[in-house]
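Every heavy atom of this structure was used, including side-chain atoms; hydrogens, water molecules and symmetry mates were not.
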Amino acid sequence: MSAEAEIRRRNIGEGDSLGESSLKPDDKGQKPAQESTTAESSDHIDSEEEKLPEEKYVEEMSKTLPQGTNKTPEVLGQALSGLPDRWRNWVIRGIFTWIMISGFCLIIYGGPLALMITALAVQVKCFEEIISIGYSVYRIHGLPWFRSLSWYFLVSSNYFFYGENLVDYFGVAVNRVDSLRFLVKYHRFLSFCLYIIGFVWFVLSLVKRYYMKQFSLFAWTHVALLIVVTQSYFIIQNIFEGLIWFIVPVSMIVCNDVMAYMFGFFFGRTPLIKLSPKKTWEGFIGGGFATVVFGLLFSYWLCQFQYFVCPIEYSESAGRMTIECEPSYLFQPQEYSIGSTTITMYPFMLHSLSLSIFSSVIGPFGGFFASGFKRAFKIKDFGDMIPGHGGIMDRFDCQFLMATFVNVYISSFIPFNSTFFLQVYSLKPEQQLQLFNQLKDNLEERNIINLN
């Protein structure tokens, strides 16, 4: 704010106590024309100059962040130099889409541990891309500790959520190591202590004149944690319920994204939403229909393999995670009568239909949310890691929304949950015996069993 505008602002603020009392009753509301004109012009200047710093510097910030949509490897750029920009972008996006799909298949082949490590790596990269925007906006003010605090909260959040998974799924093994029992027993208390340290650190870093900006950054960091870390925690839980609960939803989002782009590219005419001007109704509807068909066919194929449908459990005897079981009712063929026609299908396919509808109708709104976020900061992409696509967050903005839905869906509509049994197995022998006796007495009282 210029010195002249600051003086005007102070004069206006002092008008309630000084300027208004100096006016006679007859003078109120009867300012000279010249004075009125000056007041109007000063109001205009103030409204222009008192914009939030984020709005003032956002255009400058947008030039410093890496953008990936127009980034092309030199060799590929030369090979496609003769194509129009529209088709060159289409080819580049197609090439790197297939590269990412192939990489995803290799990770699945690597097993559940490879998938969990990948989920953690994607989470960290997405968080880094979001925080980098906040850092670029506010670093002009020289605010202390923003980046360090953000990463500290990420580490403490991951300690809590991944520790919860460790206790739930590996409690049997961890409890046998004396040095780790303390960490298991007091995990939540230790997690809370870690968060409190960050909270105190933030309060001590507050700087006069920048309180509002620093509290905005505090909120920014926590929203990023909510979007990224908690969803990654749900992804891990979904994986333990069976790889199919992870692979099918992720593949549906990929299919919807790809097919919506294809239908929109070739047939798109009607704009869908102002946040994403390139999105069309034709792409939205075509992508949704393709996702439903793909989900049913892909689910039918996966249900035939034990590797995809069995819950992941830690085998104490083998000392590793195993995927062995008798497939549950969901993954065994059942006959359904529709009128006079009888069809055979896996019950999971009906659940797959629900997942595909969500991924087609609600999933894209994760992308619209990200588009609105990017437009607010006048950037095209979150990063430049993937040519033709942008950053990691540009590709996973819908996935995290889907992960939450799948986790809620499993806990609400799927009767079997492996986590419960793993928690029972992790109890001490005397606790398991106490649970057994209480359960036996309860069943006998209800005349369900009779052991006498």
Side-chain angles (χ1 to χ4, degrees), residues 104 108 112 115-116 118-119 122-123 161-162 164-165 168-169 226-257 260 284 287-313 323 325 327-334 336 345-369 396-423:
F104 180 60
I108 294 173
L115 286 171
M116 294 174 197
T118 301
V122 168
Q123 174 221 111
F161 284 111
Y162 280 81
E164 289 286 298
N165 278 328
D168 289 342
Y169 297 102
L226 177 66
I227 293 174
V228 176
V229 180
T230 56
Q231 312 308 320
S232 133
Y233 167 68
F234 289 142
I235 287 175
I236 301 300
Q237 286 196 324
N238 297 342
I239 290 175
F240 273 104
E241 292 300 323
L243 292 181
I244 196 169
W245 290 106
F246 170 76
I247 296 172
V248 168
V250 168
S251 301
M252 286 177 176
I253 291 291
V254 173
C255 175
N256 184 260
D257 192 33
F284 182 78
F289 178 77
T291 302
V292 171
V293 174
F294 167 81
L296 291 173
L297 296 177
F298 192 47
S299 297
Y300 177 82
W301 182 72
L302 290 182
C303 284
Q304 303 175 49
F305 300 95
Q306 188 182 84
Y307 178 78
F308 297 114
V309 303
C310 288
I312 300 170
E313 299 178 354
I323 311 178
C325 71
S328 68
Y329 165 83
L330 292 177
F331 309 108
Q332 295 182 8
Q334 306 293 330
Y336 294 89
M345 61 184 297
Y346 296 97
F348 177 80
M349 295 175 66
L350 298 177
H351 297 291
S352 172
L353 183 62
S354 301
L355 299 179
S356 63
I357 292 175
F358 181 89
S359 64
S360 302
V361 178
I362 306 299
F365 280 84
F368 300 153
F369 176 85
F396 287 88
D397 46 11
C398 299
Q399 295 288 3
F400 293 119
L401 193 63
M402 189 69 186
T404 304
F405 173 74
V406 174
N407 190 268
V408 172
Y409 189 89
I410 291 174
S411 61
S412 301
F413 301 107
I414 306 303
F416 175 78
N417 193 319
S418 61
T419 307
F420 170 76
F421 295 99
L422 290 171
Q423 290 173 339

Enclosure of Tyr300 OH (heavy-atom neighbours >12, cutoff 6.0 Å): no

Look at atom CZ of Phe369 and say whether more than 12 heavy atoms of other residues, nucleotides or ligands are closer to it than 6.0 Å. no

What's the separation between atom SG in Cys303 and atom CD1 in Ile244, rounded to the nearest 0.5 Å? 4.0 Å

From CD1 (Ile247) to CD1 (Ile108), nearest 0.5 Å: 4.0 Å

In short, Ser359 meets Pro364 closest at the heavy-atom pair O-CD, 3.3 Å

Output yes when a side-chain donor or acceptor of Ser356 lies under 3.5 Å from a complementary backbone atom of Leu353, and no otherwise. yes

First locate atom OG1 of Thr291, then atom CZ of Phe294, and finally report the distance between them rounded to the nearest 0.5 Å. 8.5 Å

Test side chain to side chain contact (heavy atoms under 4.5 Å, CB included) on Phe331 and Gln306 and set out the steps. CA-CA 9 Å; Phe331 309 108; Gln306 188 182 84; over 6 Å; no

Just wondering, are more than 12 heavy atoms of other shown residues or ligands nearer than 6.0 Å to CZ in Phe368? yes

Ser360 and Phe289, any side-chain heavy atoms less than 4.5 Å apart: no

Okay, side chain of Gln237, backbone of Tyr233: is any donor-acceptor separation there less than 3.5 Å? no

Taking side chain as C-beta onward, heavy atoms only, is Gln399 less than 4.5 Å from Ile235? no

What is the distance from atom CG of Asn165 to atom CD1 of Ile236, rounded to the nearest 0.5 Å? 6.5 Å

Distance-minimising heavy-atom pair for Tyr336 and Pro347: OH-CG, 3.4 Å

Kindly indicate whether the side chain of Gln123, heavy atoms from C-beta on, has any atom under 4.5 Å from the side chain of Val229. yes

Tell me the closest heavy-atom pair linking Leu355 and Pro249, and the distance in Å. CD1-CG, 4.2 Å

Contact summary for Gly295 and Met252, nearest pair of heavy atoms: CA-CE, 3.7 Å

Identify the heavy atoms of Ser299 and Ser352 that sit nearest to each other, and give their distance. OG-OG, 2.8 Å

Start with the C-alpha gap between Phe246 and Met116, add the side-chain angles, then the distance that decides, and say whether side chain to side chain contact (heavy atoms under 4.5 Å, CB included) holds. CA-CA 11 Å; Phe246 170 76; Met116 294 174 197; over 6 Å; no

Quick one: sort the Phe348 and His351 rings into parallel, tilted or perpendicular, breaks at 30° and 60°. tilted

Mind checking salt bridge (charged side-chain N to carboxylate O under 4.0 Å, His left out) for Asp397 and listing every partner two or more places apart, or none if nothing turns up? none

Using the ring of each side chain (for Trp, its six-membered ring), is Phe358 parallel, tilted or perpendicular to Phe405, with breaks at 30° and 60°? parallel

Verify, without hydrogens or angle tests, whether Ser412 (side chain) and Tyr409 (backbone) share a donor-acceptor contact under 3.5 angstrom. no

Verdict with reasoning, Phe104 to Ser251, per side chain to side chain contact (heavy atoms under 4.5 Å, CB included): CA-CA 10 Å; Phe104 180 60; Ser251 301; 4.1 Å; yes

Test side chain to side chain contact (heavy atoms under 4.5 Å, CB included) applied to Ile312 and Leu243, step by step: CA-CA 8 Å; Ile312 300 170; Leu243 292 181; 3.9 Å; yes

Do Asn238 side-chain atoms and Phe234 backbone N/O form a donor-acceptor pair below 3.5 Å? yes

Closest approach of Pro327 and Cys325, non-hydrogen atoms and distance? CD-O, 3.5 Å

I want to check something: taking the side chain as every heavy atom from C-beta on, are Phe305 and Cys310 in contact at a cut-off of under 4.5 Å? no

What is the distance from atom CH2 of Trp245 to atom CG of Asn407, rounded to the nearest 0.5 Å? 11.0 Å

Any chance you could measure Phe396, atom CZ, to Asp257, atom CG, to the nearest 0.5 Å? 11.0 Å

